[in-house]
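The block underneath contains the structure these notes are about, expressed in structure tokens.
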Protein chains: 2
Amino acid sequence: MSLRHALLGLLAQGPASGYDLTRAFAGDDGGIGQYAWQAGHSRIYPELGKMADAGLVVVDETGPRGRKSYALTDEGRTELRRWMLHRPERTTVRDETVLRMFLVQSLEPDDARRLLEGIAEHCAAELAKLRSVMDEVDAEHDPHEPVPFGRLAGEYGLRQYEAVHGWALWSLERLGATVPG
Amino acid sequence: MSLRHALLGLLAQGPASGYDLTRAFAGDDGGIGQYAWQAGHSRIYPELGKMADAGLVVVDETGPRGRKSYALTDEGRTELRRWMLHRPERTTVRDETVLRMFLVQSLEPDDARRLLEGIAEHCAAELAKLRSVMDEVDAEHDPHEPVPFGRLAGEYGLRQYEAVHGWALWSLERLGATVPG
DNA sequence: AGGAACATGTAACAAGTTACATGATTCA
DNA sequence: TGAATCATGTAACTTGTTACATGTTCCT
């Protein structure tokens, strides 16, 4: 039931509507939906309803066009904290990109090389993009204030891309050793 | 439909039964199920059935206890290759661990620190374990032969743990700056 | 003989995606 | 006034998990 906790975590930042939360998931902007968890509005609205029934959130404000803004309750905050600090022995993982990495060796060497080169290029490009965004965030940020929300996640993304980039290059070398020329 | 492709990828290594494939997913041994994709036998058996209907695999051998060994067909290999080399713009991602990382900043600083310390320790421990396994693999491997299956995935795991470890330490420093003492 | 591991399957439930459906407000 | 965006919801379908169910072979 991680969608519930994702929503609790986002609401911990401040009240938001289902529509706001849907955008937080949808972004191609290095947000939660790109790296951590995906959800569409058709799951988010019913889940918010159930969470309200369970007392984890309340509608704190209604706006135009039927907008309902949800806020965390103390119960919700407690549940979020419990989930964050409790490490389950086995967690949900479903990652198509990593799956491709696992299966690189099922391809013929030429195909594998092509795939790895594509991955390396893609990572380099994304890395450059994300790095410039993060540099900007850091430049605008007063070092005496708390880290801006999302900065830690951004750093994770950065290091993630670096790791995959390095891995692709390492793999190309390893594969290359078997086919001289 | 990534389960299908995960199965095709595993079968590219050689024929296997549903039971064999189930173990490949289930392992806590740094296998596909720990990092890339999870599946239980109750999904695997029906999927193998459908794949056989679609001509992607065939039962190449039957054994004791009703064992059915599946092998890739040419069609299956073509479909696997198509999927591997075709980069979709948006891929499935669902990762509870990364979700926690995204939400670290929803915790109070003390809790966040505790969580990050736990992550750093956990990564260091897993890294050490995996490194010794990979060192062993490398020691037993003739450098003139192709890279052993799983070695690239193992390297990915290694670099992944290193990245997360580094990230946790960096984040601790960043958080620490806001709360002196 | 009896337990562990091998081996396959189905059913009920939970979670997520895509498509369908509707309506209000804002802005040019 | 018309298009874009805001805003919420449901229904049908797909995918995955947990629980139920059964039978065989190997090893001690």
- Query: Got a salt bridge between R114(B) and D111(B), using NZ or NE/NH1/NH2 to carboxylate O under 4.0 Å?
  - Reply: yes
- Message: If you only use heavy atoms from C-beta on, which nucleotide in dT10(C), dT18(C), dT15(D) is closest to the side chain of S42(A)?
- Response: dT18(C)
- Assert: residue with more 5' nearest nucleotide on DNA chain C, out of R94(B) and H41(B), is H41(B)
- If you pin P64(A) and G40(A) to their nearest nucleotides in DNA chain C, which one's is more 5'? G40(A)
- Query: Tell me: CG of D95(B) to P of dA15(C), nearest whole Å?
  - Reply: 18 Å
- Determine, step by step, whether S132(B) and D135(B) satisfy the side chain to side chain donor-acceptor pair (under 3.5 Å) criterion, reporting the C-alpha distance in whole Å, the side-chain angles of both residues, the deciding distance to 0.1 Å, and the verdict. CA-CA 5 Å; S132(B) 81; D135(B) 284 350; over 6 Å; no
- Does a side-chain N or O from Y45(B) land closer than 4.0 Å to OP1 or OP2 of dT8(C), or not? yes
- Whole-Å distance separating the CZ atom of F25(A) from the P atom of dA15(C): 14 Å
- Note on the structure: Judged by nearest nucleotide, the residue sitting upstream toward the 5' end of DNA chain D, P46(A) or S2(B), is P46(A)
- Is any side-chain N or O of Q38(B) closer than 4.0 Å to OP1 or OP2 of dT17(D)? yes
- Note on the structure: Separation of dG9(C) atom P from R67(B) atom CZ, nearest Å, is 13 Å
- Task: Ignoring backbone atoms, establish whether R43(A) has a side-chain N or O less than 4.0 Å from OP1 or OP2 of dG16(C).
- Result: yes
- Tell me whether the OP1 or OP2 atom of dT8(C) has a side-chain N or O from S17(B) closer than 4.0 Å. yes
- When you measure from the side chain of Y19(B), which nucleotide among dT8(C), dT5(D), dT25(D) comes out closest? dT8(C)
- Closest to side chain of K68(A), choosing from dG16(D), dG9(D), dG9(C): dG9(D)
- Query: How many Å lie between CE on M1(B) and C1' on dT15(D), as a whole number?
  - Reply: 11 Å
- Atom pair distance, as rounded to whole Å: CD in E47(B) and P in dT10(C): 14 Å
- Message: With a 4.0 Å limit, can you tell me whether R23(A) has a side-chain N or O closer than that to the phosphate oxygens OP1/OP2 of dA7(D)?
- Response: no
- Query: In terms of side-chain heavy atoms of R65(B), which of dT17(D), dG9(C), dT24(D) is nearest?
  - Reply: dT24(D)
- Query: When you check the side-chain N and O atoms of H5(A) and E79(A), is any donor under 3.5 Å from an acceptor?
  - Reply: yes
- To the nearest Å, give me how far apart NZ (K50(B)) and P (dT10(C)) are. 12 Å
- Task: Would you please say whether a donor-acceptor pair under 3.5 Å links the side chains of R94(B) and T92(A)?
- Result: no
- Using the six-membered ring of W83(B), assess whether NZ or CZ of R100(A) lies under 6.0 Å from its centre and within 45 degrees of the ring axis. yes
- Item | Length of the line joining L48(B):CG and dG16(D):C1', which is rounded to integer Å | 15 Å
- Round to a whole Å and report the spacing from CH2 of W37(A) to C1' of dT17(C). 14 Å
